[in-house]
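Beneath this line is the structure, given in structure tokens, with notes to follow.
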Amino acid sequence: MPKYEFPKDFKWGTATASYQIEGAVKQDGRTESIWDRFCQMPGNILRGDTGEVANDHYNRYKEDVALMKELGHTAYRFSVSWSRVLPDGVGKVNEKGLQFYSDLVDELISAGIEPFLTLYHWDLPQVLQDKGGWQNSDCVKWFEEYSKVLFDKLGGRVKYWSTLNEPFCVAFVGNFFGEHAPGIRDLGASILVSYNLMLAHAASVRLFREMKIPGEMGITLNFTPSYPYTDSEEDKLASRYNDGFAVRWFMDAIFNGSFPQDMLDLFKERGITLPDFADIASVAEDIDFLGVNYYHPAWHRYNEHSWPFYADNIRQDIAHTDRDWAIHEETLEKLLIRLKNEYNTPKMYITENGCSYNDAVTEDGEVLDYSRINYLTRHFKAVHRAIEKGVDIRGYMVWSFYDNFEWAFGRYSRFGIVHHDFDTLKRTPKQSAYWMRDVIKNNGLD
Ligand code: IFM
């Protein structure tokens with residue numbers, strides 16, 4: 001028996017997202033998404049990379065599922081490309097595009113791998129962005145229509161559904177920082193987007209219930225908990241605002257049907273015109289699970305000149321990954337306990353956790369990613385400790401299955417447990433993939 005044994009039927013696997021892996025952007029009727037457009041604008045993506053080919057998963061999914069099976073995976077989290085299924089955003093369904101997901105799901109099920117489907121992982125059809133995208137309140141009915149197409153086709157076979165992946169990134173990284181598609185830099189607009197995303201999420205959950213789709217419906221949030229840099233009241237305030245932004249904003253909406261008052265006050269003080277949030281209470285629909293994406297925390301120091309959160313992000317003198325993200329697994333343990341205590345969360349899945357290293361294949365054809373094994377060991381144990389302390393966690397999906405198109409970092413940030421050669425498209429399992437195969441086999445580690 002392993003020293004850190006996970007609960008019976010714990011799900012183990014990896015996570016990916018459509019635009020990051022599928023490639024085939026013009027194949028079988030798929031139309032442009034906001035990411036296709038964003039990648040065309042010089043300066044947006046490191047060294048001008050795009051997801052045009054990525055892992056060519058659209059054409060090689062059978063090979064990929066076979067490799068997951070060989071590596072012992074029991075779950076796989078993926079997302080659907082909206083513009084592959086509904087090339088006009090709404091209206092006529094593209095049967096070929098939809099069939100791809102149906103075939104993928106069948107392939108997974110026959111390999112004994114549980115599909116976890118995310119409806120939206122950032123790739124809005126460009127045609128909808130041209131109508132205002134998530135800033136347009138019609139997005140709620142667009143998303144409902146899109147959800148229905150997938151519920152109709154895959155309901156029953158897919159048992160685990162997530163409405164959105166990381167609404168924080170959709171709203172704020174895409175519409176406030178401008179680092180992701182659609183590349184807007186407007187705090188007010190991003191707050192409106194965050195509100196509309198929540199309404200769309202709740203509408204999709206309601207539809208799932210009305211259609212009596214068997215299985216579980218949830219949402220996936222990313223968390224960057226903040227610590228005050230020192231014990232000073234100013235640093236605590238700076239940290240509280242960042243926590244309000246990166247933890248409480250969406251948790252309060254989803255579980256309490258409101259946005260945090262201190263954040264609303266801050267935004268008003270900063271002169272932001274806010275929506276009336278008239279329907280925010282309706283967001284608190286019961287969900288079956290919360291998907292938790294966690295990579296690293298942040299430390300904040302007060303700075304009266306820093307807009308809008310009075311905070312500077314301070315790098316700590318601790319180990320970091322090659323992406324320069326702090327390695328701090330205690331935060332994951334604390335976060336899981338906190339989410340349970342403060343929000344009485346339903347069961348949770350770790351829907352993403354992992355690390356980026358500049359891995360290379362040796363002359364012997366191996367990838368010796370011991371740093372990743374170290375990172376994952378520390379985080380697996382942290383999750384185990386949270387389970388021991390009573391948090392209901394049912395599965396762990398490592399980001400990511402293979403190195404893929406890492407958004408603004410293109411191909412230059414490798415998160416996979418399988419190495420991907422972007423020129424030959426060759427997949428090479430790294431040491432971490434074999435190590436994880438043993439963890440899965442033993443349902444735990446020492
Ligand atoms: O690649 C992303 C993923 O799409 C969303 N969560 C974080 C990952 C690593 O940056």
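Just so you know, ligand 1 is whichever comes first in the structure, and atom 1 is the first atom listed for that ligand.
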Problem set entry | Minimal non-hydrogen separation, Asn358 against Tyr412, with atom names | OD1-O, 4.5 Å

Seminar exercise, completed: Quick note on ligand 1: atoms under 4.0 Å from a heavy atom of His121 include exactly 3 (C), 4 (O), 5 (C)

For this session: List every atom of ligand 1 that sits less than 4.0 Å from any heavy atom of Gln20, numbering the atoms from 1 in the order shown and giving each element.
Result: 1 (O), 3 (C), 4 (O)

For this session: Pick whichever of Phe409, Trp399, Trp325 has a heavy atom sitting closest to atom 3 (C) of ligand 1.
Result: Trp399

Problem set entry | Winner among Glu166, Glu406, Arg323 once heavy atoms are compared against atom 1 (O) of ligand 1 | Glu406

For this session: Look at atom 7 (C) of ligand 1 and say which protein heavy atom is nearest, naming residue and atom and giving the distance to 0.1 Å.
Result: Glu352 OE1, 3.2 Å

Exercise. Would you say Asn293 has any N or O atom under 3.5 Å from an N or O of ligand 1, going by distance alone?
Worked result: no

Exercise. Which pairs with one or both residues in residues 66-76 pass side chain to side chain donor-acceptor pair (under 3.5 Å), sequence neighbours excluded?
Worked result: Thr16-Tyr76

Exercise. Do the ring planes of Tyr349 and Phe116 sit parallel (below 30°), tilted (30 to 60°) or perpendicular (above 60°)?
Worked result: perpendicular

Exercise. Hey, what's the ring geometry for Tyr241 with Phe309, parallel, tilted or perpendicular (30° and 60° as the breaks)?
Worked result: tilted

Which atom pairs, one a donor and one an acceptor, fall under 3.5 Å between side chains of residues 42-49 and the rest of the protein, sequence neighbours left out?
unit_1 : atom_1 : unit_2 : atom_2 : d
Asn44  : ND2    : Phe38  : O      : 2.8
Asp49  : OD2    : Arg411 : N      : 2.9
Asp49  : OD2    : Arg411 : NE     : 3.1

